[in-house]
Structures are given as C-alpha cells and as structure tokens.
Number of protein chains: 2
Amino acid sequence: MNNMCQRPFSTVLDQLRTAGLRPTRQRLALAKLLFNDRDRHISAEQLHGEALENNIRVSLATVYNTLHQFTEVGLLREITVDSGRSYFDTNTSDHHHFLFVDSGRLEDIPDEMMGAIALPTIPDGASIERIDVVVRLRR
Amino acid sequence: MNNMCQRPFSTVLDQLRTAGLRPTRQRLALAKLLFNDRDRHISAEQLHGEALENNIRVSLATVYNTLHQFTEVGLLREITVDSGRSYFDTNTSDHHHFLFVDSGRLEDIPDEMMGAIALPTIPDGASIERIDVVVRLRR
DNA sequence: GTGTTTGCAAAGTGTTTGCAATTTA
DNA sequence: TAAATTGCAAACACTTTGCAAACAC
C-alpha cells in the first residue's frame, strides 16, 4: 500500500498556509486526527465523533467545512460509494478501492493487487480528471 | 455500445412475473418509459417527472419502490456517482461510465473505447460482486 | 481593527417508511 | 377475499446555509 498519508505535519501547515487557510485550533486538531495515523476512509460524522472523544470541541458544520477545504487543497480525496454518504480518503495518490458491500467498509487496493488500467479513448474536447475504480466484494 | 436494454417487452413481463411482482398499471407504465428507448441513466425524480408529463399518475414513493424492485430483479443497475443521488441504468451488461463532472451527466463507455480491466487479486474468502469504473471528464 | 472562521439552529436534498385505501389475482 | 400494491404525509439521514459571536493576523 502506498503510504502517501504519512506526510510530515509541516506539510499540512504549509498547504493550509499556501491555500490561505488559517491554521485554526479546529483545523489543526482535525488534521492531526486525519493524518497522524494510517490511511483512513472516514465520514464527516465519524470524524466529528472522534473529535468529541478526544475532547476537541468542534461543530459538525465545521467538520464538513474543513473536510471540503482540505479536499480542495488536495489533502483529501472525496469518495462516494453509496447514496447519501461521503467518505474522505487520506490517501490522495492514484489508487482504487475495495468496497465490502456487507459492511460498507472501504479499503485501498494495494498496487500489487491491481494491475494498471488502460486509459479509455475519451470524447473530443474532454480531459480525464480522474478514474474511480470500486471493486465490490462479498463475504 | 452494447444495446442490452432493447429487451422485448414480454421479457419485462416475464421477469416481473417470475419475481412475483404483479404487473400493475404503474409498473408497466414505468417499464415502458424505461425500456422502450435507448439506454438511459435516470434518477427517481427524473422518471417521476417524465411519468407526470405523460399523464401517468404515479407517486414518487412508488417510483422509488419500482426502481428498487426492478434493480433487485436484474432489470436495472443502480449507480451512485455523487453524494445523495442515485441513477438507474437500463443497460445491465458489464460496462463502465463517463461522468461529465460539469453537468453531472452519466454516459456508457462504448466497449471499443475502454480496454478490458485486469481483475485484481482479492482478499481471501471474498468474491467480486461487480467492478464499477467511472471515468470523470472535464470540459 | 479587519477579514476569516466558527457554532448553532434552521433549511435543504434525496430517500424511506407507516399505514389506510385501493387494486390484483 | 386475501395478499400485494399504492399514495400520502411524515420521518429520515446526511449535508449545507445564514448569521452573530469569536478568533487570527
């Protein structure tokens, strides 16, 4: 698995600064929860819950704002697998996902497990923003 | 493009019957809207609107029920591209999608435009239900 | 100080549900 | 007539918004 999320913390600060986002208490605390660990696929509600557990006072609205701001800045990647719920992936490198349909759990596909995908021919005038591959697994 | 949706109408009736779904006025009318034409990617609200335009009295709840029942029976395939909105694809064959991110429009990728995807190695005990590929396009 | 960010509660979106009335076999 | 289906309105889950108070620079 590509450990792109183990960025030095200074990078987060830099990226916030570069993007003109002030390093507020809330943003820094959420960034720590998100990036200090392994790669994560986390929803806004989950992150909010985790913040509260860690005695970080932050509102759900701020968690949403922060996740979106981080996504715009390139610190996160947003993934939607099922209707009505977004996950945010701390691994922003090119990679794909396993979705365990029974549990709803989402996991990165290690590069060794997934060969390269041949790029499709695309319509005139269009350009590829990104290719999302979700391998849906049972059992 | 694989025209799997041009199934004879009798097939729809058969599949409903086989599944123990009564061919009610609403189900038949919605099936006609869905399957009489080209391949479609349609949301519940869109289909409901279309039904009303065609003077088919049907509630939005019934449209939702019907779309899900058709999906269970294998007449449709459900696709979620962005948070909070499901599309139903009348093409249930193995194929992938272009998503035009500006408009939100979803389109089948013709087989000629997309090479085969190498199946990934999957975790022990799991089996692949389906692989969703969404090529996100700009402009 | 000035502009940014936050928290709250309210509004919004798409979807599902409970249940009485209706329809189908 | 028994079971399935429908329509309505209310409930739902998740997300976004408006705005005054708090904060960062």
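Every chain is numbered from 1, with letters handed out A, B, ... down the list of sequences. Note that these values count all heavy atoms, side chains included, but never hydrogens, waters or copies made by symmetry.
In this structure, CD of A/E45 is placed 12 Å from P of D/dT16, rounded to the nearest angstrom. Distance CG (A/L21) to P (C/dT4): 11 Å, rounded to an integer number of Å. To the nearest angstrom, P of C/dT13 lies 16 Å from CD of B/Q46. Look at CG on A/L60: it is 11 Å from C1' on D/dA13, rounded to the nearest Å. When the P atom of C/dT15 is taken as reference, atom CD1 of B/I42 falls 12 Å away, rounded to whole Å. If you measure from atom CZ of B/R85 to atom C1' of C/dT16, you get 17 Å, rounded to the nearest angstrom. Rounding to whole angstrom units, NE2 of residue A/H48 and C1' of D/dC14 are separated by 14 Å.
Scanning both residues, B/S86 and B/T80, for their nearest heavy atoms gives OG-OG1, 3.7 Å. Here the closest non-hydrogen pair linking A/V73 and A/A19 is CG2-CB, 3.5 Å.
Under 4.0 angstrom from either OP1 or OP2 of D/dG7 there lies at least one side-chain N or O belonging to B/Q26.
Contacts of A/S43 with the nucleic acid, taken as non-hydrogen atoms under 4.0 Å apart, are absent.
As a member of the Ile/Leu/Val/Met/Phe/Trp/Tyr network built from side-chain separations under 4.5 Å, B/L60 groups with B/Y64. Listed by chain and number, the hydrophobic cluster partners of A/I79 are A/V81, A/Y87, A/L99, A/V101, A/L106, A/V134, where partners are ILVMFWY side chains within reach of under 4.5 Å, directly or through others.
B/A118 pairs by the side chain to side chain contact (heavy atoms under 4.5 Å, CB included) definition with nothing, not counting sequence neighbours. Not counting sequence neighbours, the partners of B/T62 by the side chain to side chain donor-acceptor pair (under 3.5 Å) test are B/S59. For A/N65, there are no side chain to side chain donor-acceptor pair (under 3.5 Å) partners two or more places apart in sequence or in a different chain. Every residue two or more places apart in sequence or in another chain was checked for a side chain to side chain donor-acceptor pair (under 3.5 Å) with B/H96, and none qualifies. Every residue meeting the side chain to side chain donor-acceptor pair (under 3.5 Å) condition with A/R105, not counting sequence neighbours, appears here in chain and number order: A/E107.
Stem regions for DNA chain D, each three or more consecutive Watson-Crick or G-U pairs with both distances under 3.5 Å and listed by first number, read C:1-25 with D:1-25.
Contacts classified as side chain to side chain donor-acceptor pair (under 3.5 Å) and involving residues 125-137 of chain B (residues at least two apart or in different chains) are given here: A/E129-B/R136, A/R136-B/E129, A/R138-B/E129, B/R77-B/D132, B/R130-B/D132. Within the structure, side chain to side chain donor-acceptor pair (under 3.5 Å) contacts touching residues 18-31 of chain A (residues at least two apart or in different chains) are A/R27-A/Q69.
For DNA chain C, the neighbouring residues in residues 63-71 of chain B, judged by any heavy atom under 4.0 Å, are B/Y64, B/H68.
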Contact letters for nucleotides 18-25 of chain D, in which S counts primed atoms plus P, OP1 and OP2 and B counts the base, heavy atoms under 4.0 Å: ------BS
